[in-house]
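Below is one structure, written out as structure tokens; the observations come after it.
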Amino acid sequence: MPDSPGKDSAKRLSDTREDDSHGGYFHNKRVKQRAQDRALQAQMPAGSTSRVLSGCTVYVNGHTDPPRLALHDLVVRHGGVFLHYLSSKGAATHIVAEHLPPRKRVEFRNCKVVSPRWLLDSVQQGRQLPWAPYSVLGGSAAENTLTLAGADTIAVAAESSTIPNASVNTRTVPSVNTPTVAAERTNTPTPNVSAPTVAAGNSNTPNVASPTVPTAPAPSTRADAFPTAASDPEAFLRSYFEHSRLHKLSEWKARLRQEFVRAHSAEPPLTAPPSRVLHIDFDCFFATVAFLHRDKRRFPALDFARDPVAVCHGRGSSDVASCNYAARALGVRNGMWAASAQRRMPAGTTLTLLPYDFAAIEAASATFYAVLRGCPDFRWVLPVSIDEAVCVLRGEGEDEIVLAEQLRRAIRERTGGCTASVGIGASLVLARLALRLAKPDGVYAAGGDPSPPDSFWEQFSVRDLPGVGGAAAAKLGGADTATLGTLRHSTTLPSLQTQLGNKLGGKVWAALHGQDDPESQRMLLDPCAVFDRKSVAVDINWGIRFATVAQVDAFLDVCAGYVANKLRECGKRAGSVTLKLHRRAAGAPVEPPKYLGMGRCDAVSQAAGLGVPSGDVGVLATELKALFRALAVPVQELRGVAVHLAKLCGDQEAGPRTPGQWLGKGRVGAGALPAPVSTTPKATTPKGGAGPSANASAERYRRLRVSPVKDRAAVPRPAASDPGVAAFLEALPSQLQREVRRDLAGAIGETTGGGRGRLRAEMQRRAEAARAVNAHLTGSGGTLLAPVRFQGEASFKRVCRTVEAWVAATCSGDGPNDGPHERDVHVFLRYVEKLCAGDRVHLALRVASLVSTALALREGSCGDTRAYAEWEHILVRRVLPVLNRNRLTFQTERKLDVEWEV
DNA sequence: ACTGTATTGAAG
DNA sequence: CATCGCTTCAATACAGT
Ligand SMILES: Nc1ccn([C@H]2C[C@H](O)[C@@H](COP(=O)(O)OP(=O)(O)OP(=O)(O)O)O2)c(=O)n1
Ligand SMILES: [Mg+2]
Ligand SMILES: [Mg+2]
């Protein structure tokens, strides 16, 4: 027993409590370890952790798969307590083991002894699952039903017997990926194939849903039984991301990068690139993990080296995430559809489709990175993805092949049989190419001075070069590009640059000489700068089907919430937001071949600057809704929605033009920014029962005239502008600002010259957009908007005309009777409020901006400054507060650069 | 010559 | 039943100044 038995029980008790402040120092190793674990979790990126395992105290007994190291990471990451020693049986809430020898079986007969699967599945489903189905001691349950987070239900066969099943594959697994017999790999010593002693799972594994096992239908009736993007956007997004491999790949990558920066940000960049780098990558990663963790009752005799295997969700248009090398030999590739893969099977051969096992993938990756980070030969372990890293060697790496084999072996043994391959070279590109030759389950060190010999290059096609995908390969296309061996002798730098563009041409040219281009080298010299996040986004291009604008608005709210949360987690704010939409292409079928897929689409996007960097969900949602209307994709045609935030700056950091500018104006100190519009009380509104007095208006007018205004270079202004109206303008979503300015430019005759190319396309798009927007606004579609009436007018367009006429009439300049009548103002305000209440803030914004446009136009020509001042007052003091009152959809945070009071 | 935005392509 | 087609970044083209 590692723990001293002499400890008094009070202290022992405190070990299992949350509070460790009872003493001035830690009393034993376990407490210290737990503190380390908490610190460890605190270090982990916020989004990657959870409280799923809180309340669990886990002890891992014996050899497990995934290994103790990976389980430790898992438990700590998800808020559990990990015990390294078991001082008493009661100390742990759960004992995790693959199997127990008879003596332990007796010892633990009253404990919850579960297979590691319980941890993996609990984390995956986001809640602590019942432990009984995972019991290692054997339960009596015949069948249990687990409810997934997404509310689908699957049948789970519980382990019915504890007797080691002779029919289960218990032979040791040296590796599942057999190396190719490539004569070329002469400098690769044959991998040591002496059998490690990791058994391939003893199968306490519950039967996880697989593509070939239909999931039991839910009782339906519940509205959220099958959440769709339209019916329940939040639940839809959660369920979708739960299942999306690409989402997870991106999320994992971001997490790894963040962890790297956190660990290494203090280190200075290198001044010269390292002399050797080692690129390591799991072989057919998802497929290998899925095979090793497969349901061995369903697939007892599967031979991973000979039988083609692929990982996917479904069977027809489902993407193959990863396929094994047996499948690749038959032409199957990652990313291919399952049906397409199956079509490549010769007669008599079947492709086995296995389900994803995301939790086991994470566990294997944790082991992989732990092994690499524990290697003292590496200066840095640069994460490339969940299954791949570039290791920067400290020295010349004399025994690099031996080292590589040691790593591969450690990883294989500690992941229960996942093989990784290693490529080594003098540059990133050479290591990458070598990795390709090494696969599967091998090592290849690229030599040659200064560059490898022709025999090396002849084994690659241009597609093998990093940065060369389908499009670039097609541009090269010619005969001399069959292999890199011929290409590197036949081409020239200018020729490559002509065909591929300046940068890619140069990159390929460098690669053909075994060198990294400067951009790629940045990762080796200053990885933290490269890994520092420069944008935040969410993309949903699956399951996007809407019938109404209101549904899209609700979806955009969820998107805004998602990115705002992500921003918060990484401690940043955004300076701009982009909405990118996919729209069914003309001629594409309404329902594409892929279930709920996007099909053939056109993509359109538009950005909006936020003025002041923001992370506020209300600001983002408002902009997004305005952008959606600007892009004017008919809702029925929508197939994809993406929100990208850019121009990030730190949470605390001042935006590009905030306090400095205020100080520059000779104003107040840094803390004295004006109050947010939304919180500006209308207390100061000179509301003398009727409209504003002429005096008050004139006074305000003068004051606003001299008050400081935002940098005019940064925010271009309409030719005719007044600070008061300009301030109002700036409070609007930027899309509306843009439209107002464009209207002004058009009206004043500052039209921009006609153009060709993109401008023409843009004009066309605008015209189409105008029609679509009209369809929204006039309500001609009927289904889009219930009418809100103004002066008996339901058509928004005609309302706009009425309002314009009204503004014109009140600014005609005939003296004291000029200015809007208070009763009209009241009616107008009520209309604006109704629009807001009817969830049509965008229309309210539009009609309000219309007024400001009309005013700005008139200010130049006829100069009734009194009427103008009254209007300005109405806009700023009465309309804006109404708009601001709608906090969810309108801004809550943006500040106006105008001094309202003083 | 420089700026900013929209679009494309690649990667895993 | 399907099925879960993300996300980040560099480069480029083009328009405006
Ligand atoms: N189009 C793709 C490509 C990859 N992946 C996932 C599954 C892969 O297993 C994992 C790692 O990608 P790799 O490019 O490393 O591919 P594999 O590991 O599957 O094969 P290998 O590395 O042996 O070529 O990423 C995916 O889901 N879809
Ligand atoms: Mg791989
Ligand atoms: Mg990889």
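Chain letters run A, B, ... following the sequence lines, proteins first and then strands; every chain starts at 1.
Atom CG of A/L249 is separated from atom P of B/dA11 by 14 Å (rounded to the nearest Å). Atom CZ of A/F531 and atom P of C/dA10 are 12 Å apart (whole Å). In this entry the distance linking CG of A/N565 with C1' of C/dT7 reads 16 Å, nearest Å. For the pair A/L500 CG and B/dG9 P, the computed distance is 13 Å after rounding to whole Å. In this entry the distance linking CD1 of A/I361 with P of B/dG12 reads 17 Å, nearest Å. Atom CG of A/D539 and atom C1' of C/dC9 are 13 Å apart (whole Å). If you take NE2 of A/H313 and P of C/dC1, they are 17 Å apart, rounded to a whole angstrom. Atoms CH2 (A/W337) and P (C/dT3) sit 9 Å apart, rounded to a whole Å.
For the salt bridge (charged side-chain N to carboxylate O under 4.0 Å, His left out) test with A/E591, the passing option among A/R545, A/R600, A/R584 is A/R545; the others fail. None of A/F282, A/F291, A/F368 except one satisfies the side-chain contact (heavy atoms from CB on, under 4.5 Å) rule with A/C418; the exception is A/F282.
The aromatic ring of A/Y595 sits over the base of C/dA2, with ring centres less than 5.5 Å apart and planes inclined by under 30°. Stacking is found between A/H243 and the pyrimidine-like six-membered ring of the C/dC4 base under the 5.5 Å centre-distance and 30° plane-angle cut-offs.
For A/R257, the listed nucleotide lying nearest its side chain is C/dC9; candidates were C/dT3, C/dC6, C/dC9. Taking only side-chain atoms of A/K594, from C-beta outward, the nucleotide of C/dC9, C/dC6, C/dC4 with the closest atom is C/dC4. Taking the side chain of A/A607 as heavy atoms from C-beta on, and the options B/dA6, C/dG5, C/dT7, the nearest nucleotide is B/dA6. For A/A472, taking side-chain heavy atoms from C-beta onward, the closest of the listed nucleotides C/dC4, B/dA10, C/dA10 is B/dA10. Of the listed nucleotides (C/dG5, B/dT7, C/dT7), C/dG5 has the atom at the smallest distance from the side chain of A/R245. Listed candidates were C/dG5, C/dT12, C/dT7. Nearest to the side chain of A/N502 is C/dT12. Of the candidates C/dC4, C/dT8, B/dA6, the closest approach to any side-chain atom of A/A537 belongs to C/dT8. Counting only heavy atoms from C-beta on, A/K503 has its side chain closest to C/dT12 among C/dT12, B/dG12, C/dT8. The A/A471 side chain lies nearest to B/dG9 when the options are B/dT7, B/dG9, C/dC9. Of the candidate nucleotides C/dA10, B/dT8, C/dT3, C/dA10 has the atom nearest to the side chain of A/R522.
The phosphate of B/dA6 has neither OP1 nor OP2 within less than 4.0 Å of any side-chain N or O from A/T578. Taking side-chain N and O atoms only, A/S385 has no distance below 4.0 Å to OP1 or OP2 of B/dA11. For A/S535, a side-chain nitrogen or oxygen approaches OP1 or OP2 of C/dC9 to under 4.0 Å. Within the 4.0 Å cut-off from OP1 or OP2 of B/dT7, at least one side-chain nitrogen or oxygen of A/S605 is found. Under 4.0 angstrom from either OP1 or OP2 of B/dA10 there lies no side-chain N or O belonging to A/R432.
Within the nucleic acid shown, A/V536 comes within 4.0 Å of sugar-phosphate atoms alone, with no base atom in reach, counting heavy atoms only. Counting non-hydrogen atoms under 4.0 angstrom, A/I540 reaches the backbone sugars and phosphates but no base. Heavy atoms of A/K647 sit under 4.0 angstrom from primed sugar atoms or phosphate atoms, though from no base atom. Residue A/E251 is out of contact with every strand shown, counting any heavy-atom pair closer than 4.0 Å. As judged by a 4.0 angstrom heavy-atom cut-off over every strand, A/G470 is placed among residues touching the sugar-phosphate backbone only. A/R600 comes within 4.0 angstrom of no nucleic acid atom, judged by non-hydrogen atoms across all strands. Residue A/N541 is classed as a base contact, given a heavy-atom separation below 4.0 Å to a base. Residue-level contact check: A/I544 touches neither bases nor backbone, having no heavy atom under 4.0 Å from any strand. A/N334 comes within 4.0 angstrom of no nucleic acid atom, judged by non-hydrogen atoms across all strands. Across all strands, A/K248 comes closer than 4.0 Å to no nucleic acid atom at all (heavy-atom distances). Residue A/G506 is out of contact with every strand shown, counting any heavy-atom pair closer than 4.0 Å. Across all strands, A/G597 comes closer than 4.0 Å to base atoms (heavy-atom distances). Residue contacts for A/D532: at a heavy-atom cut-off of 4.0 Å it reaches the sugar-phosphate backbone alone, with no base atom in range.
In terms of polar N and O atoms assigned as donor or acceptor, the side chain of A/S244 never comes within less than 3.5 Å of the base of C/dC4 in a complementary pairing.
A/S231 places no side-chain N or O within donor-acceptor distance of the main-chain N or O of A/P227, the cut-off being under 3.5 Å. Side-chain N or O atoms of A/R639 include none that pairs as donor or acceptor with a backbone N or O of A/G597 at under 3.5 Å.
Ring pair A/F358/A/H313 is tilted by interplanar angle, where 30° to 60° counts as tilted. Aromatic ring orientation, A/H264 versus A/F260: tilted (interplanar angle from 30° to 60°).
By the neighbour-count criterion of 12 heavy atoms within 6.0 Å, atom CZ of A/R328 is densely surrounded, having more than that number from other residues, nucleotides or ligands. Heavy atoms of other residues, nucleotides or ligands lying less than 6.0 angstrom from CD of A/E259 number more than 12. No more than 12 heavy-atom neighbours from other residues, nucleotides or ligands sit within 6.0 angstrom of NZ on A/K503.
In this structure, A/A254 and A/D517 both approach DNA chain C, and ranking their closest nucleotides by distance from the 5' end singles out A/A254. Comparing A/K566 and A/G505 by the nucleotide of DNA chain C that holds the closest heavy atom to each, the one mapping nearer the 5' end is A/K566.
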